[in-house]
Amino acid sequence: MFLITFLLIFLSVCDETTPDIQKMVIIFGVPQTPNNYSTQVLSFDSCVNYCLNSDSCMAVYMADVTGTDCQVFEIGQLYTVKEEESGGKVAMKMNSTSTVCPLTAEENSLTTGTTINQYNITSSGGIWTFKSILCPTNFTVFQRPAGIWCMGVIPTGTPISQQTGSSLCSSTYGGVLSGLQTVDEYNYVISVVQPYLAQLTGILLKYNTLGFWVNGNRKPSCNKTVTSATCNGTNEFTFSDPLLTAYDGYIWGVGQPSGIAAGDSNCIHFGFNSSTHESMGVDDYKCTETNTTAAAFIGYVCGVRPTNSL
Ligand SMILES: *[C@@H]1O[C@H](CO)[C@@H](O)[C@H](O)[C@H]1NC(C)=O
Ligand SMILES: *[C@@H]1O[C@H](CO)[C@@H](O)[C@H](O)[C@H]1NC(C)=O
Ligand SMILES: *[C@@H]1O[C@H](CO)[C@@H](O)[C@H](O)[C@H]1NC(C)=O
Ligand SMILES: *[C@@H]1O[C@H](CO)[C@@H](O)[C@H](O)[C@H]1NC(C)=O
Ligand SMILES: *[C@@H]1O[C@H](CO)[C@@H](O)[C@H](O)[C@H]1NC(C)=O
Ligand SMILES: *[C@@H]1O[C@H](CO)[C@@H](O)[C@H](O)[C@H]1NC(C)=O
Ligand SMILES: *[C@@H]1O[C@H](CO)[C@@H](O)[C@H](O)[C@H]1NC(C)=O
Ligand SMILES: *[C@@H]1O[C@H](CO)[C@@H](O)[C@H](O)[C@H]1NC(C)=O
């Protein structure tokens with residue numbers, strides 16, 4: 001029954017489509033909770049077109065297809081749809097390069113989206129499942145062994161303490177200061193900071209070093225002790241980044257971390273030379289410091305789990 005419904009409706013929709021990559025596939029069905037959506041006052045056909053033309057729209061649903069109450073699901077807002085034999089309809093945006101209607105569901109690509117905000121749709125036993133990776137704007141997705149992680153480098157424009165960076169990351173994005181799991185993550189921070197520094201003008205350039213706070217707090221047991229096997233490099237710190245399982249991206253600056261004897265260099269920033277924009281590696285620094293004569297901390301690296309990753 002599913003296949004017949006799917007093909008019939010798909011055929012009728014295909015008739016109207018241009019050779020675009022994205023197509024709307026329509027089934028009888030009902031979104032299952034929990035989910036989230038916005039509403040549009042549109043006829044069903046108009047709502048389907050609205051979704052097709054909106055980059056962030058993944059699917060639309062109308063319980064009464066003769067009405068104008070259309071639920072719009074953005075990427076990450078829909079998890080599952082239960083297929084029905086009649087009643088409300090769900091229109092899903094899919095990626096299909098085919099200019100003719102595929103004869104079977106298998107011939108139709110059920111993957112769509114960009115690298116960062118993408119989703120896959122699969123169907124099994126009358127349940128359509130949407131797997132999405134949705135990161136905040138300007139964040140980049142990293143596949144870590146412990147799960148998928150979104151990382152963003154957030155310049156604040158004015159100097160901030162580590163606590164402020166941590167609070168902003170939490171209040172703005174629901175995240176924590178990101179750790180640096182891999183060299184790729186370290187290089188990602190560089191790739192965002194360098195163009196930012198290149199266009200920076202004004203008072204911040206008077207500081208030789210400009211830093212961005214990253215995850216890490218010194219262990220009390222590694223405070224005021226001599227370096228030992230258990231207090232040596234990243235193991236001097238605890239990390240609250242929940243998906244951090246390796247520390248290869250903590251590439252220390254020359255002679256760093258050096259705060260084991262200082263008593264108050266309990267946080268970690270990622271420093272850049274303000275004139276050459278070169279990475280200076282990571283460095284332990286006083287958590288409450290916003291700026292010294294030589295350095296200013298002008299942003300933070302925030303990490304958050306993607307929305308609706310299954
Ligand atoms: C729906 O979206 C709102 C606003 O973005 C959010 O606060 C809420 O947690 C979401 N609900 C669900 C079930 O995802
Ligand atoms: C759509 O699918 C085609 C072929 O499978 C692929 O080359 C293209 O990158 C996909 N487009 C998007 C936006 O995912
Ligand atoms: C979608 O499927 C492709 C190929 O299997 C996979 O590489 C990608 O990570 C999947 N995306 C999501 C959001 O699950
Ligand atoms: C994303 O980054 C660009 C370039 O740095 C910036 O202009 C824009 O405001 C950022 N958008 C958000 C939502 O942070
Ligand atoms: C930044 O680079 C310049 C030029 O190589 C160098 O003179 C300066 O000492 C560097 N600043 C820091 C803080 O390392
Ligand atoms: C480290 O020791 C110094 C001096 O004893 C103290 O002021 C500071 O609060 C300690 N920091 C931690 C994280 O225990
Ligand atoms: C600290 O780590 C470095 C590099 O891994 C190593 O060479 C050194 O022996 C360690 N020091 C102590 C006291 O364990
Ligand atoms: C830090 O910045 C503040 C505000 O711009 C400034 O008043 C203060 O002098 C700066 N501190 C140092 C040590 O440069």
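Counting starts at 1 for both ligands and their atoms, in listed order.
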| query | Mind checking whether Asn138 has an N or O less than 3.5 Å away from an N or O of ligand 4? | reply | yes
| task | For Ser228 and ligand 7, answer yes if some heavy atom of the residue is under 4.0 Å from a ligand atom, otherwise no. | result | yes
| query | Among Asn232, Thr230, Thr227, Val226, which one has a heavy atom closest to atom 10 (C) of ligand 7? | reply | Asn232
| request: Provide the number and element of each atom of ligand 7 under 4.0 Å from a heavy atom of Ala229. | output: 14 (O)
| How far is atom 14 (O) of ligand 8 from its nearest protein heavy atom, and which residue and atom is that? | Thr292 O, 3.4 Å
| query | Does atom 7 (O) of ligand 7 have a protein non-hydrogen atom under 4.0 Å from it? | reply | no
| Polar contact flag, side-chain donor to acceptor under 3.5 angstrom, Trp128-Thr122 | no
| message | Regarding Ser279 and Tyr186, do their side chains bring together a donor and an acceptor under 3.5 Å, going by distance alone? | response | yes
| Audit row: Asp241, Arg144, salt bridge (charged side-chain N to carboxylate O under 4.0 Å, His left out) steps and yes/no | CA-CA 12 Å; Asp241 175 334; Arg144 289 180 174 178; 3.0 Å; yes
| message | Evaluate Ser167 against Ser170 for side chain to side chain donor-acceptor pair (under 3.5 Å), listing each step before the verdict. | response | CA-CA 5 Å; Ser167 307; Ser170 168; over 6 Å; no
| field | Closer than 4.0 Å: a protein non-hydrogen atom to atom 4 (C) of ligand 7 | value | no
| task | Check whether the ring centres of Tyr188 and Phe142 lie less than 6.0 Å apart, and answer yes or no. | result | yes
| query | Would the Tyr247 and Phe239 ring centres measure less than 6.0 Å apart? | reply | yes
| Looking at atom 9 (O) of ligand 8, what's its closest protein heavy atom, distance included? | Asn291 ND2, 4.8 Å
